[in-house]
Amino acid sequence: MGAATVRLWDPVVRLFHWSLAGAFLANYFFTEEGESWHRWFGYYAVAWLAIRLLWGFVGTPAARWADFWPTPARLGAHLRALIGGQPYHRLGHSPLGALVMILMMALMLGLGVTGFLMEEVDYFWGADLPLEIHEFCANALMALVGLHIAAALFESYRLRENLPLSMVTGKRRKLSEH
Ligand code: HEM
Ligand code: HEM
């Protein structure tokens, strides 16, 4: 039987995701620190953050903050399931996934703000603190990205479903198929 699918992630969510991932990896590994490509990739990512923030209020159901906001109750339920080895399956972000998502977005904003301070605000030119915070945000975000990718692969294995592909096509398998 062919697996029935539902449209879950709208194009805004998907474009946001791969823009953020691409800009982050480009700046972490490839662009020259502080040069124009580095700055524009950074601002491009921050512009997407603003769009995604608003989209969380007006976008499609699974894109909304209210759908996946990681409240203590939701996090507790997810943690108990994880520790108990039970599957925690829903069509949309899981509570722990959402927590990591929000932390990643905050760190990306931190990169944009400290980059801006270093580069465009004379008062901070040559000061150590913005660079130190910038460096901290970049490395902390890299650690979370590693966790995020590992979790996506681990959950894909447990659910027997290609979750990274769902961020490309927007489709996920119907819940009843599991
Ligand atoms: C995707 C977002 C960004 C990432 C991942 C990122 C990453 C990095 C990393 C890893 C460094 C090296 C830090 C070190 O010296 O240890 C760096 C340096 C720097 N970045 Fe960014 N950055 C981002 C956005 C920005 C933005 C938006 C600006 C400015 C508008 C900016 C300006 C700079 C500057 C001026 C330096 C320091 C160059 C130097 O004096 O060594 N960055 N960035
Ligand atoms: C490299 C930097 C990356 C960053 C900063 C990042 C960030 C994010 C963010 C913010 C979301 C939430 C999307 C939204 O609702 O708007 C998300 C979701 C997701 N990401 Fe990434 N991501 C990155 C790389 C990747 C990669 C390489 C993969 C594939 C292995 C991946 C797989 C996923 C999946 C499957 C989801 C949906 C999770 C779910 O079903 O709840 N991400 N990511």
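For ligands, and for the atoms within them, numbers begin at 1 and follow the listed sequence. Everything numeric here is computed off the predicted structure, so don't read it as measured data.
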| said: Please classify the Leu163 to ligand 2 contact at 4.0 Å (heavy-atom distances, strictly less than): side chain, backbone, both or neither. | reply: both
| request: Tell me which part of Arg52 gets within contact of ligand 2: side chain, backbone, both or neither, using heavy atoms under 4.0 Å. | output: side chain
| said: Looking only at N, O or S atoms in His17, which is nearest to atom 21 (Fe) of ligand 2? | reply: NE2
| query | In ligand 2, which numbered atoms sit nearer than 4.0 Å to a non-hydrogen atom of Phe16? | reply | 10 (C), 16 (O)
| field | Sub-4.0 Å atoms of ligand 1 with respect to non-hydrogen atoms of Leu131 | value | 15 (O), 37 (C)
| For ligand 1, the portion of Glu33 having any non-hydrogen atom under 4.0 Å away | both
| message | Any heavy atom of Phe24 closer to ligand 1 than 4.0 angstrom? | response | yes
| query | How does His148 reach ligand 2, by side chain, by backbone, by both or by neither, if only non-hydrogen atoms under 4.0 Å count? | reply | side chain
| query | Tyr43 to ligand 1: N or O pair under 3.5 Å? | reply | no
| For Glu32, does the CD atom sit with more than 12 other heavy atoms under 6.0 Å from it, leaving out its own atoms? | no
| note | To atom 12 (C) of ligand 2, the nearest of Met101, Glu161, Arg14 on a heavy-atom basis is Met101
| Close-contact set for ligand 1 against Gly34 heavy atoms, below 4.0 Å | 19 (C), 20 (N), 32 (C), 33 (C), 34 (C), 35 (C), 36 (C)
| Hey, is atom 39 (C) of ligand 1 under 4.0 Å from any protein heavy atom? | no
| field | Numbering as shown, the atoms of ligand 1 that approach Arg39 to under 4.0 Å (heavy-atom distance) | value | 27 (C), 29 (C), 30 (C)
| task | Identify, by atom number and element, the atoms of ligand 1 in contact range of Met108, meaning under 4.0 Å from any of its heavy atoms. | result | 1 (C), 2 (C)
| task | May I ask you to check whether Trp37 and Phe41 place their ring centers less than 6.0 Å from one another? | result | yes
| What angle, in degrees and rounded to 10°, do you get at atom 21 (Fe) of ligand 1 when you join it to NE2 of His38 and to NE2 of His134? | 170°
